[in-house]
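Report on the following structure.
None of these values were measured; they are calculated from a predicted model.
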Amino acid sequence: MKIEAYCNPDIHFDLELNYCGLEECTPDFVMNPHTRDGYLIHYITRGSGFFQCESDIYELRTGNIFMIVPDTLVSYRTVPEDPLAFCWFCFSGSRAGNILPRIGLSAGAPVRHLHSRYSINELIKQCSDMLESPAPYNDFMVQSYLCHILSNLADSYSMSTKSESEKKDIIEEHIERAIAYIKFNYMKPLSIQDIADYVGLERTYFSKIFHKFTGMTAQKYLLHERIQHSRQLLERTSYTLKQISSYVGIQDEYYFSRVFKLETGMSPRQYRETLHE
């Protein structure tokens, strides 16, 4: 299976996405020697193989990223017993080469491991889906995906090179971003995967550090935020419980009543009645 989507911008930036995609390779997959015009970065989600860049050969494995530099002769292939699956994005622009030191890649070191705490495959898939969708999008949306992907690569590289105290600061920044995202989006059908994708972390790891830094699971924090806002609606409006439930992102009224009681010790109806005593 192979999906590839191309970008034809109306507005040109100093750094811009050319195309992106994903592929699950067959056991006989071989990409013959060729060159590229832009900077093409692959992220291996599964499998193993080999990447040849000019006269250098690099072994590839799950979690690696490898970069093809413009006008460099390269080839790559899968190991038949362990076929590759990867996603990719290609970018160019007048400042494209300037960002390479920030993401830990260069012409002389085109392969490195993406820190397990970070993820770019979902972002690439979402961007690809957007480019292929008949629904309208704009160049700024494409630019935001590119910047988000590059940001994850830069954060991953920082995690590999910074001291423990600096790493802790980066993790705390991710948690702060996640909390802000919850506060601004609690009313939507939000999942923990959505939050992890937003901050660019693998879901299991995100859940682990969120609990460590806040003392509660991300799911519980999201529910707490929803219940707090539902209390305000119960206090200040005459909306029905079904309306309030939907306004805080919980579509099942009965589930809403149950979690509200677990959080406050009384049902939403009882809570509203106490306000008039």
Open item on the list: Whether the Ser75 and Asn32 side chains hold a donor-acceptor pair (N or O, under 3.5 Å, no angle test) is what I'd like checked.
Closed with: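 Short answer, no.
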- [ ] Verify whether one side chain among Asp155 and Ser158 offers a donor that lies under 3.5 Å from an acceptor in the other.
- [x] no
TODO: May I ask you to decide if the ring planes of His42 and Phe66 are parallel, tilted or perpendicular, using 30° and 60° as cut-offs?
DONE: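 His42 vs Phe66 ring planes: parallel.
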Task: Qualifying residue, where the test is side-chain contact (heavy atoms from CB on, under 4.5 Å) with Leu223 and the options are Thr217, Val248, Ile250, Leu262 - done: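 Answer after filtering Thr217, Val248, Ile250, Leu262: Ile250.
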Open item on the list: For residues 129-144, which residue pairs pass the side chain to side chain donor-acceptor pair (under 3.5 Å) check, not counting sequence neighbours?
Closed with: Lys125-Asp129
TODO: Scan for side chain to side chain donor-acceptor pair (under 3.5 Å) pairs involving residues 5-24, sequence neighbours excluded, and state none if there are none.
DONE: Glu4-Tyr6, His12-Glu16, Asp14-Ser94, Asn18-Ser92, Tyr19-Arg36
Using distance only, find each side-chain donor-acceptor pair of residues 174-181 under 3.5 Å and give its atom names and separation, not counting sequence neighbours.
{"from": "His174", "atom 1": "NE2", "to": "Tyr118", "atom 2": "OH", "distance (Å)": "3.0"}
{"from": "Arg177", "atom 1": "NH2", "to": "Tyr198", "atom 2": "O", "distance (Å)": "3.4"}

Task: Verdict with supporting geometry, Glu235 and Tyr271, side-chain hydrogen bond (donor to acceptor under 3.5 Å, both in side chains) - done: CA-CA 9 Å; Glu235 293 166 7; Tyr271 182 83; 2.4 Å; yes
Note, [X] side chain near [Y] side chain (heavy atom, < 4.5 Å):
X      : Y      : value
Phe260 : Leu234 : yes
Asp197 : Gln126 : yes
Leu60  : Phe51  : yes
Asp252 : Lys242 : no
Leu40  : Phe89  : no

- [ ] May I ask you to check whether over 12 heavy atoms, not counting those of Glu59, lie within 6.0 Å of atom CD?
- [x]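 Open.
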- [ ] Please confirm whether Phe50 and Tyr76 have ring centers closer than 6.0 angstrom.
- [x] no
Please give me the minimum heavy-atom distance between [X] and [Y], naming the atom from each residue.
X      : Y      : value
Thr237 : Arg272 : O-NH2, 3.0 Å
Ala218 : Phe206 : CB-CE2, 3.9 Å
Thr62  : His113 : O-CE1, 3.2 Å
Thr72  : Cys53  : CG2-SG, 3.6 Å

